[in-house]
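Residue numbering restarts at 1 for every chain, and letters A, B, ... go by the order of the sequence lines.
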Amino acid sequence: ETGVTQTPRHLVMGMTNKKSLKCEQHLGHNAMYWYKQSAKKPLELMFVYNFKEQTENNSVPSRFSPECPNSSHLFLHLHTLQPEDSALYLCASSPQSRGAFFGQGTRLTVV
Amino acid sequence: QKEVEQDPGPLSVPEGAIVSLNCTYSNSAFQYFMWYRQYSRKGPELLMYTYSSGNKEDGRFTAQVDKSSKYISLFIRDSQPSDSATYLCAMSQGNAGGTSYGKLTFGQGTILTVHP
């Protein structure tokens with residue numbers, strides 16, 4: 001248990017579906033992040049939230065839509081994805097030091 | 001040129017060996033340096049966190065940072081089969097507000113196998 005919980009752990013969706021990924025952190029951190037991990041590529045930062053406000057969108061396509069209702073919860077809403085969006089999506093939170101703490105990730109497959 | 005370069009391996013060593021993992025980087029603004037361990041089908045786990053140049057030791061793990069050469073290393077002593085995982089280096093600028101510490105730039109990861 002890392003203190004950052006992601007659900008679901010696995011998700012298979014069609015290109016016309018709409019689904020959401022959920023992240024919850026119990027560490028009291030104010031900053032939360034979405035990262036994408038694709039095969040043979042480094043982890044890529046997607047979105048940054050600080051005190052519920054989005055502070056960064058790293059040129060992510062609009063078919064990915066984040067939501068942060070409070071400092072403990074983060075969602076990633078997915079719609080009309082492409083097969084190349086299949087990846088491990090990781091949520092992380094961070095205090096004002098000591099790096100980021102990651103959840104176990106959601107393994108997404110787009111068919 | 002990638003901001004962070006890491007040899008993806010794979011690296012295979014016998015149990016008890018000393019393992020050396022390395023990353024180079026190009027952005028001189030990076031001040032905070034981390035090593036993560038990622039087991040198969042799991043999220044990355046923070047192993048070591050260092051600020052600026054120098055060494056940091058935690059049990060069998062030693063992290064070294066040489067900012068003048070833009071080079072960081074992780075040494076694992078007395079390696080165990082349970083150390084078999086992907087090791088990711090990561091770094092951040094760590095300034096300009098509270099979110100910057102978690103805005104990480106990662107290397108590609110090195111796959112390590114320690115065989116009995």
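- The residue among Arg107(A), Lys40(A), His29(A) with the most heavy atom pairs within less than 4.5 Å of chain B is Lys40(A).
- Phe33(B) and Tyr71(B) are assigned to two separate hydrophobic clusters, defined by single-linkage of ILVMFWY side chains at heavy-atom distances under 4.5 Å.
- Hydrophobic clustering, with ILVMFWY side chains joined whenever heavy atoms are under 4.5 angstrom apart, groups Phe61(B) together with Trp35(B).
- Under the 4.5 Å side-chain contact rule for hydrophobic residues, Leu11(B) and Met48(B) share a cluster.
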Worksheet entry | Audit row: Lys103(B), Tyr33(A), side-chain contact (heavy atoms from CB on, under 4.5 Å) steps and yes/no | CA-CA 8 Å; Lys103(B) 288 173 55 177; Tyr33(A) 313 80; 4.0 Å; yes
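- Cluster membership for Leu108(A) and Met15(A), using ILVMFWY side-chain heavy atoms within less than 4.5 angstrom, is shared.
- For Gln38(B), the part sitting under 4.5 Å from any heavy atom of chain A is the side chain, from C-beta outward, and nothing else.
- Checking side-chain atoms of Tyr36(B) against main-chain N and O of Ala100(A) turns up a donor-acceptor pair under 3.5 Å.
- Considering only heavy atoms from C-beta on, Leu90(A) comes within 4.5 Å of Pro44(B) through its side chain.
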Item to complete: Could you go through the side-chain contact (heavy atoms from CB on, under 4.5 Å) check for Gln108(B) and Leu43(A) one step at a time?
Response: CA-CA 8 Å; Gln108(B) 190 173 339; Leu43(A) 271 82; over 6 Å; no
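- The two residues Ser94(A) and Gly102(B) make their nearest non-hydrogen contact at OG-N, 3.6 Å.
- Considering all non-hydrogen atoms of both residues, Tyr35(A) and Leu104(B) come closest at OH-N, 2.9 Å.
- If you measure heavy-atom distances from Gln37(A) to chain B, the contacts under 4.5 Å come from the side chain alone.
- In this structure, Gly99(A) and Tyr49(B) approach most closely via the heavy-atom pair N-CE1, 3.1 Å.
- Distance CZ/Arg41(B) to NE2/His10(A): 7.0 Å, rounded to 0.5 Å.
- Follow the hydrophobic side-chain contacts under 4.5 Å out from Tyr32(B) and you never reach Phe30(B); the two are in separate clusters.
- Heavy atoms of other residues, nucleotides or ligands lying less than 6.0 angstrom from NZ of Lys19(A) number 12 at most.
- In this structure, no portion of Glu44(A) lies under 4.5 Å from any heavy atom of chain B.
- With values rounded to the nearest 0.5 angstrom, Lys42(B) atom NZ is found 5.5 Å from Arg9(A) atom CZ.
- Ranked by heavy-atom pairs under 4.5 Å with chain A, the list Gly107(B), Pro8(B), Gly43(B) is led by Gly43(B).
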